[in-house]
Amino acid sequence: MTGTSTSSVGAVPTRARLTPQHVGIIMDGNRRWARARGLEAVEGHREGALRLGEVCEWGDEAGLETLTLWVLSIDNLQRSERELAGLLPLIGETIENLAARRRWAVNPIGDLEVLPGHLRASMERAHDIGRGAPGMTVNIAVGYDGRREIAHAVRQILCAGIALPDDDGDPANIWQVLIAEHLYTRHQADPDLIIRTSGEHRLSGFLLWQTACSEFHFCDVPWPAFTRADFRTALDSYAARHRRYGR
C-alpha cells in the first residue's frame with residue numbers, strides 16, 4: 001500500500017449549532033440586588049435600567065430578530081407608592097432613550113390602559129420614534145400579564161364577530177391560529193429561548209401562549225449584575241440542546 005486512506009463510514013454526523021431568533025428575558029432581581037448592598041429599591045431599578053440597553057446590543061450582535069424584555073408586570077403596580085414614584089418615570093425615560101437610538105423597532109406590549117398617563121405616553125412615543133428602525137424588534141412588556149393577553153385576544157375575536165370557516169378543518173387548530181393573530185406578539189415568531197435572572201425557576205405568566213415549545217435558561221445572577229458572559233452562557237446552553245418538538 002502506498003498510503004493510508006480514511007473512511008467516513010460510520011462517522012457520527014454533527015448537528016448544526018442552534019441559534020435562537022427570538023429570545024425573551026424576565027429581568028428579575030433589581031430589589032434583591034439593592035437590598036444586598038443596603039440601597040433603596042429604586043437604586044436597583046436604576047442599575048437594572050442600564051442593562052436594558054446593553055442586552056439589546058448583545059442581542060443585536062447575536063443576530064436576533066426579536067428580543068422581548070419583561071420590564072413591569074401588572075402585579076408590580078401593587079408595590080408601594082414610594083417605589084413606584086421612582087420606578088415608573090425611570091421606565092418611561094429608559095424606553096424613550098432606547099427608541100431614540102433609532103436602531104431597533106421598539107414595540108410596547110401589555111395592557112397600556114392600566115398604566116398611569118405619563119408612562120403610557122412614553123411608551124407610545126417610543127413606539128412612534130422606533131417605527132421602521134432597521135434592526136431587530138424589541139418588545140417591551142410593561143403592564144403585562146400572560147393570562148390577560150390571551151383573554152384580550154379572545155375578546156377581540158368575539159367582539160369582531162369572526163366566524164370559524166364552514167369547512168372540514170379542525171376547529172381547535174383554527175382557534176389557535178385566530179388567537180395567535182390577536183396576541184400582542186402577532187406576526188412574530190414564538191420565542192426560542194426564555195431567560196430568567198435572579199434564581200427563580202418559574203415563568204410567572206410570561207408569554208404563556210407563546211412559550212409552549214420554548215427552551216428555558218435560569219440564571220442565579222440578579223438582573224443588575226447580568227453580563228455579556230451570562231447572556232452568552234444562555235445562548236450556548238440553547239445551542240447545545242436538541243429540539244424535538246414532541247417527535
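As a basis for the values below, the full set of heavy atoms in this structure was taken, side chains included, without hydrogen atoms, waters or symmetry mates. Everything numeric in this text was worked out from a predicted model, so none of it was measured.
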**Study point:** Evaluation steps, side chain to side chain donor-acceptor pair (under 3.5 Å), between D230 and T227
**Key:** CA-CA 5 Å; D230 296 317; T227 65; 3.0 Å; yes

Separation between [atom1] of [X] and [atom2] of [Y], rounded to the nearest 0.5 Å:
| X | Y | atom1 | atom2 | value |
| --- | --- | --- | --- | --- |
| L98 | E93 | CG | CD | 12.5 Å |
| T68 | Q210 | OG1 | CD | 8.0 Å |
| T185 | D190 | OG1 | CG | 6.5 Å |
| I109 | L207 | CD1 | CG | 5.5 Å |
| L193 | S237 | CG | OG | 7.5 Å |
| R232 | W58 | CZ | CH2 | 11.5 Å |

Review point. Does H152 have its ring centroid less than 6.0 Å away from the ring centroid of Y184?
Key: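 For H152 and Y184, the ring centres are under 6.0 Å apart.
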
Take atom [atom1] in [X]; do more than 12 heavy atoms of anything else shown fall under 6.0 Å from it?
| X | atom1 | result |
| --- | --- | --- |
| R37 | CZ | yes |
| H201 | NE2 | yes |
| R82 | CZ | no |
| E40 | CD | no |

Do [X] and [Y] come within less than 4.5 Å of each other through their side chains, counting heavy atoms only?
| X | Y | value |
| --- | --- | --- |
| T233 | H217 | yes |
| R202 | R196 | yes |
| L69 | M27 | yes |
| P116 | L88 | yes |
| H22 | N139 | yes |
| L183 | E149 | yes |
| L87 | V42 | no |

Cluster link [X] to [Y], ILVMFWY, side chain under 4.5 Å:
| X | Y | answer |
| --- | --- | --- |
| L64 | F206 | no |
| Y144 | L67 | no |
| I174 | I150 | yes |
| L115 | I129 | no |
| V114 | L119 | yes |

Is a side-chain donor or acceptor of [X] paired with a backbone partner of [Y] at a separation under 3.5 angstrom?
| X | Y | result |
| --- | --- | --- |
| N97 | T94 | no |
| S80 | E83 | yes |
| T197 | P222 | no |
| R31 | G44 | no |

Practice item. Could you walk me through whether E215 and L18 pass side chain to side chain contact (heavy atoms under 4.5 Å, CB included), step by step? Key: CA-CA 11 Å; E215 302 288 330; L18 284 177; over 6 Å; no

State, to 0.1 Å, how close [X] and [Y] come at their nearest heavy-atom pair, and which atoms those are.
| X | Y | result |
| --- | --- | --- |
| T211 | P191 | CG2-CG, 4.1 Å |
| A99 | A126 | CB-O, 3.4 Å |
| E43 | L39 | CB-CB, 4.0 Å |
| I26 | L203 | CD1-O, 3.6 Å |
| E47 | P224 | CG-CB, 3.7 Å |
| Q176 | W209 | O-CZ2, 3.7 Å |

Review point. Does D128 come within less than 4.0 Å of R125, counting only side-chain N to carboxylate O?
Key: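 Salt bridge flag = no for R125 with D128.
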
Review point. So, are E57 and R103 salt-bridged, with charged N and O less than 4.0 Å apart?
Key: yes

Point to revise | Candidates I95, N107, V106 - the one meeting side chain to side chain contact (heavy atoms under 4.5 Å, CB included) with H127 | key: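 The option that passes is N107.
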
Check your understanding: Between N76 and S73, is any side-chain donor less than 3.5 angstrom from a side-chain acceptor?
Key ->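 Yes.
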
**Study point:** Test salt bridge (charged side-chain N to carboxylate O under 4.0 Å, His left out) applied to D111 and R148, R147, R120, the passing residue
**Key:**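 Testing each of R148, R147, R120 against D111, the sole residue satisfying salt bridge (charged side-chain N to carboxylate O under 4.0 Å, His left out) is R148.
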
**Study point:** Chi angles and distances behind the side chain to side chain contact (heavy atoms under 4.5 Å, CB included) call for I140, I91
**Key:** CA-CA 10 Å; I140 303 293; I91 290 174; 5.8 Å; no

**Study point:** Trace of the side chain to side chain contact (heavy atoms under 4.5 Å, CB included) decision for D28 with F218
**Key:** CA-CA 11 Å; D28 191 22; F218 299 104; over 6 Å; no

Exercise for review: Decide side chain to side chain contact (heavy atoms under 4.5 Å, CB included) for F231 and F226; before the verdict, give the C-alpha distance in whole Å, the side-chain angles of both, and the deciding distance to 0.1 Å.
Suggested key: CA-CA 8 Å; F231 186 67; F226 192 74; 3.8 Å; yes

